[in-house]
Peer 1: 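What follows is a single structure, and I will ask about it in a moment.
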Amino acid sequence: MDSLFLFQFACFIFMLINAFIVALSHLHVRWENKRYERSRWMIVAALIGLAIQYVLQMTFGFRAMHDNLGAVINILLYTPCFSLISIGIYNIETTRANLRKMILMCSGIYAAIIVVFCVGINLHHSLYIRGGLYLMLTLFCVSVFYCIYMIIQEMIRRKNMLETMAATDLLPYVKYSRASVIILWLAVLAMPVAIFSTTLLYIVGPAVLLALLFFNLTFIALGSSYIPTEELLDKEEENQRSREKKNFTSIV
């Protein structure tokens with residue numbers, strides 16, 4: 001077995017173990033919160049999706065055949081998995097209306113990636129879609145930057161809301177959560193480079209895995225001391241809808 005296969009196998013085991021740990025931690029929460037639990041299963045699904053990606057790479061040897069071929073498969077599967085993790089993070093912080101907007105945006109970008117992939121196959125009659133690969137990578141980067149921007153904006157808004165209501169700074173576990181998200185997305189930003197180079201993958205890959213591990217551990221710690229604020233967010237959403245309805249009525 002070559003080093004690439006061993007690395008992919010190690011990543012596969014890593015994703016399965018992390019998915020198992022995040023899922024199992026459900027048994028150790030102080031109380032269940034629907035918003036947090038939805039995020040938990042989104043992240044578990046994303047980790048399982050990443051594990052499936054490595055199974056496909058090991059079984060069919062896409063990356064071993066050529067970096068560009070492996071990159072196509074990476075983008076097709078990384079995009080929905082990282083979007084699912086982002087939506088899971090965003091779901092804890094935001095209202096349902098904002099969450100739906102993010103889901104629609106991420107779904108739209110992924111649909112565009114699928115379209116580019118299908119058009120590339122029809123034009124070249126092969127998985128080597130040439131210029132289509134760079135367009136897929138561009139859309140992947142757009143998805144990543146969009147998710148990062150939305151999460152950071154929501155964290156700032158949530159921080160201001162909690163400080164206003166509680167007249168105090170955020171609890172320590174929230175700060176750790178923010179730090180974990182920043183570390184995770186700094187690692188993800190390096191992924192487009194690693195996607196095209198197996199050599200760089202050996203360098204960037206372990207850093208991404210460590211960032212993902214730190215994020216998962218912080219997410220579990222957040223659940224252990226999570227204070228339900230869903231009522232506050234739902235109330236805020238209702239107020240937002242009321243303001244929008246009043247504005248619409250005044251315009252009409």
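It should be emphasised that the depicted structure is a prediction, and the values quoted were computed from it without experimental measurement.
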Peer 1: If every non-hydrogen atom of L84 is compared with every non-hydrogen atom of A46, which pair is closest and at what distance?
Peer 2: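 L84 and A46 have their closest heavy atoms at CD2-N, 3.7 Å.
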Peer 1: Ignoring hydrogens and angles, tell me if any N or O in the side chain of T59 forms a donor-acceptor pair with the backbone of L56 under 3.5 Å.
Peer 2: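 Between the backbone of L56 and the side chain of T59 there is no qualifying donor-acceptor contact (under 3.5 Å).
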Peer 1: Measure the acute angle between the ring planes of F5 and F9, then classify it against the limits of 30° and 60° as parallel, tilted or perpendicular.
Peer 2: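 The arrangement is parallel - the two ring planes meet at less than 30°.
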Peer 1: Hey, are the side chains of K34 and R38 touching, using non-hydrogen atoms and a 4.5 Å cut-off?
Peer 2: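 Yes, close enough: below the 4.5 Å cut-off.
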Peer 1: So, R63 side chain and I195 main chain: donor-acceptor pair closer than 3.5 Å or not?
Peer 2: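 Checked: pair present.
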Peer 1: For the CE atom of M150 and the CE atom of M105, what is their distance to the nearest 0.5 Å?
Peer 2: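 Spacing of CE (M150) from CE (M105) equals 9.0 Å.
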Peer 1: Is a salt bridge present between R40 and E37, judged by a nitrogen-to-oxygen distance below 4.0 Å?
Peer 2: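 Result for this pair is yes, salt bridge flagged.
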Peer 1: Please report the C-alpha distance between M102 and C147 in whole Å, then the side-chain angles of each, then the deciding distance to 0.1 Å, and finally whether the side-chain contact (heavy atoms from CB on, under 4.5 Å) criterion is met.
Peer 2: CA-CA 8 Å; M102 186 175 191; C147 290; 3.7 Å; yes
Peer 1: Does the side-chain contact (heavy atoms from CB on, under 4.5 Å) test come out yes or no for F117 and V72, once each step is laid out?
Peer 2: CA-CA 8 Å; F117 174 70; V72 170; 3.5 Å; yes
Peer 1: Within a radius of less than 6.0 Å around OH of Y202, do more than 12 heavy atoms belonging to other residues, nucleotides or ligands occur?
Peer 2: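 More than 12 heavy atoms, drawn from other residues, nucleotides or ligands, come within 6.0 Å of this atom.
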Peer 1: So, for L133 and A71, which heavy atoms are closest and what is the spacing to 0.1 Å?
Peer 2: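 Closest pair (atom of L133, atom of A71, distance): CD1-CB, 4.0 Å.
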Peer 1: Within the structure provided, determine whether P192 and F140 are in side-chain contact (heavy-atom separation under 4.5 Å).
Peer 2: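 Heavy-atom side-chain distance check passes, below 4.5 Å.
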Peer 1: Looking at every non-hydrogen atom in both residues, tell me the closest pair between P206 and I203 and how far apart they are.
Peer 2: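 Scanning both residues, the minimum pair turns out to be CD-O, 3.5 Å.
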Peer 1: Find out whether N216 and I21 are in side-chain contact, i.e. whether some heavy atom of one side chain is under 4.5 Å from a heavy atom of the other.
Peer 2: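 Side chain of N216 against side chain of I21, heavy atoms only: no contact under 4.5 Å found.
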Peer 1: Is it possible for you to say whether I121 and M65 belong to one hydrophobic cluster, with membership spreading through side-chain heavy-atom contacts below 4.5 Å?
Peer 2: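 Yes; M65 is reachable from I121 via cluster members.
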Peer 1: Which distance, rounded to the nearest 0.5 Å, do you find between the CD of E154 and the CG of L99?
Peer 2: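 Answer rounded to 0.5 Å: 9.5 Å.
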Peer 1: State the CZ-CG distance between F12 and L50, to the nearest 0.5 angstrom.
Peer 2: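 It comes to 12.0 Å.
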Peer 1: Do you know which two heavy atoms are closest between W41 and A23, and how far apart they sit?
Peer 2: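 Shortest heavy-atom separation between W41 and A23 comes out as CZ3-CB, 3.6 Å.
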Peer 1: Determine, stepwise, if the pair N18 / L209 fulfils side-chain contact (heavy atoms from CB on, under 4.5 Å).
Peer 2: CA-CA 10 Å; N18 275 264; L209 295 181; over 6 Å; no
Peer 1: Between atom CG of N74 and atom OG1 of T79, what is the distance when rounded to the nearest 0.5 Å?
Peer 2: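 Taking CG in N74 and OG1 in T79, the distance rounds to 9.5 Å.
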Peer 1: Going from OH on Y78 to OG on S83, what distance comes out if it is rounded to the nearest 0.5 angstrom?
Peer 2: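 Rounded to the nearest 0.5 Å, the OH-OG separation comes to 14.0 Å.
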Peer 1: Indicate the atoms forming the closest heavy-atom contact of S39 with N91, along with that distance.
Peer 2: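 The answer is OG-ND2, 2.9 Å.
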Peer 1: Is any side-chain heavy atom of I73 less than 4.5 Å from a side-chain heavy atom of F60?
Peer 2: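 Result no, sub-4.5 Å side-chain heavy-atom pair not found.
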Peer 1: Is there a donor-acceptor pair under 3.5 Å between the side chain of S143 and the backbone N or O of L139?
Peer 2: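 No, S143 side chain to L139 backbone: no donor-acceptor pair under 3.5 Å.
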Peer 1: Heavy atoms, side chains only, cut-off 4.5 Å: are L212 and M15 in contact?
Peer 2: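 SC-SC contact between L212 and M15 confirmed.
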Peer 1: May I ask you to test the I114-C118 pair for a side-chain heavy-atom distance under 4.5 Å?
Peer 2: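 Yes, at least one pair of side-chain atoms sits under 4.5 Å.
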Peer 1: So if you build clusters from Ile, Leu, Val, Met, Phe, Trp, Tyr with side-chain heavy-atom gaps below 4.5 Å, do L76 and V55 land together?
Peer 2: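 Same cluster.
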Peer 1: Nearest 0.5 Å please: distance from the CZ atom of F20 over to the CD1 atom of I48.
Peer 2: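 Interatomic distance, F20 CZ to I48 CD1, rounded to 0.5 Å: 11.5 Å.
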Peer 1: Do I13 and I43 belong to the same hydrophobic cluster, where Ile, Leu, Val, Met, Phe, Trp and Tyr are linked whenever their side-chain heavy atoms lie under 4.5 Å apart, directly or via other members?
Peer 2: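 Linked, I13 and I43 end up in one cluster.
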Peer 1: Who passes ring-ring contact (aromatic ring centres under 6.0 Å, His included) against Y146, sequence neighbours left out?
Peer 2: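 Per chain and number, Y146 pairs via ring-ring contact (aromatic ring centres under 6.0 Å, His included) with no residue.
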Peer 1: Are I152 and I87 connected into the same hydrophobic cluster when the rule is that any two of I, L, V, M, F, W, Y join if their side-chain heavy atoms are below 4.5 Å apart?
Peer 2: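 Linked within one cluster.
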Peer 1: Is there a side-chain contact between F214 and L217, using heavy atoms and a 4.5 Å cut-off?
Peer 2: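 No, their side chains stay 4.5 Å or more apart.
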Peer 1: Short question: side chain of H124, backbone of S126 - any donor-acceptor pair under 3.5 Å?
Peer 2: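 Such a contact is absent between H124 side chain and S126 backbone.
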Peer 1: For this output row, return yes or no: ring centroids of F219 and Y36 closer than 6.0 angstrom.
Peer 2: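 Judged by ring-centre distance (under 6.0 Å), F219 and Y36 do meet the cut-off.
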Peer 1: Does any part of the side chain of M136, heavy atoms only, come nearer than 4.5 Å to the side chain of I129, both counted from C-beta?
Peer 2: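 SC-SC contact between I129 and M136 confirmed.
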Peer 1: Going hydrophobic residue to hydrophobic residue with side-chain gaps under 4.5 angstrom, can you get from F7 over to L210?
Peer 2: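 No: no chain of side-chain contacts under 4.5 Å links F7 to L210.
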Peer 1: What verdict does the side-chain contact (heavy atoms from CB on, under 4.5 Å) test give for N98 and Y90, after you've listed the backbone C-alpha separation in whole Å, the side-chain angles of each residue and the deciding distance to 0.1 Å?
Peer 2: CA-CA 9 Å; N98 290 338; Y90 195 65; 3.6 Å; yes
Peer 1: List the atom of G132, the atom of V116, and the distance in Å for their closest heavy-atom pair.
Peer 2: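 The pair with the smallest heavy-atom distance is O-CG1, 3.5 Å.
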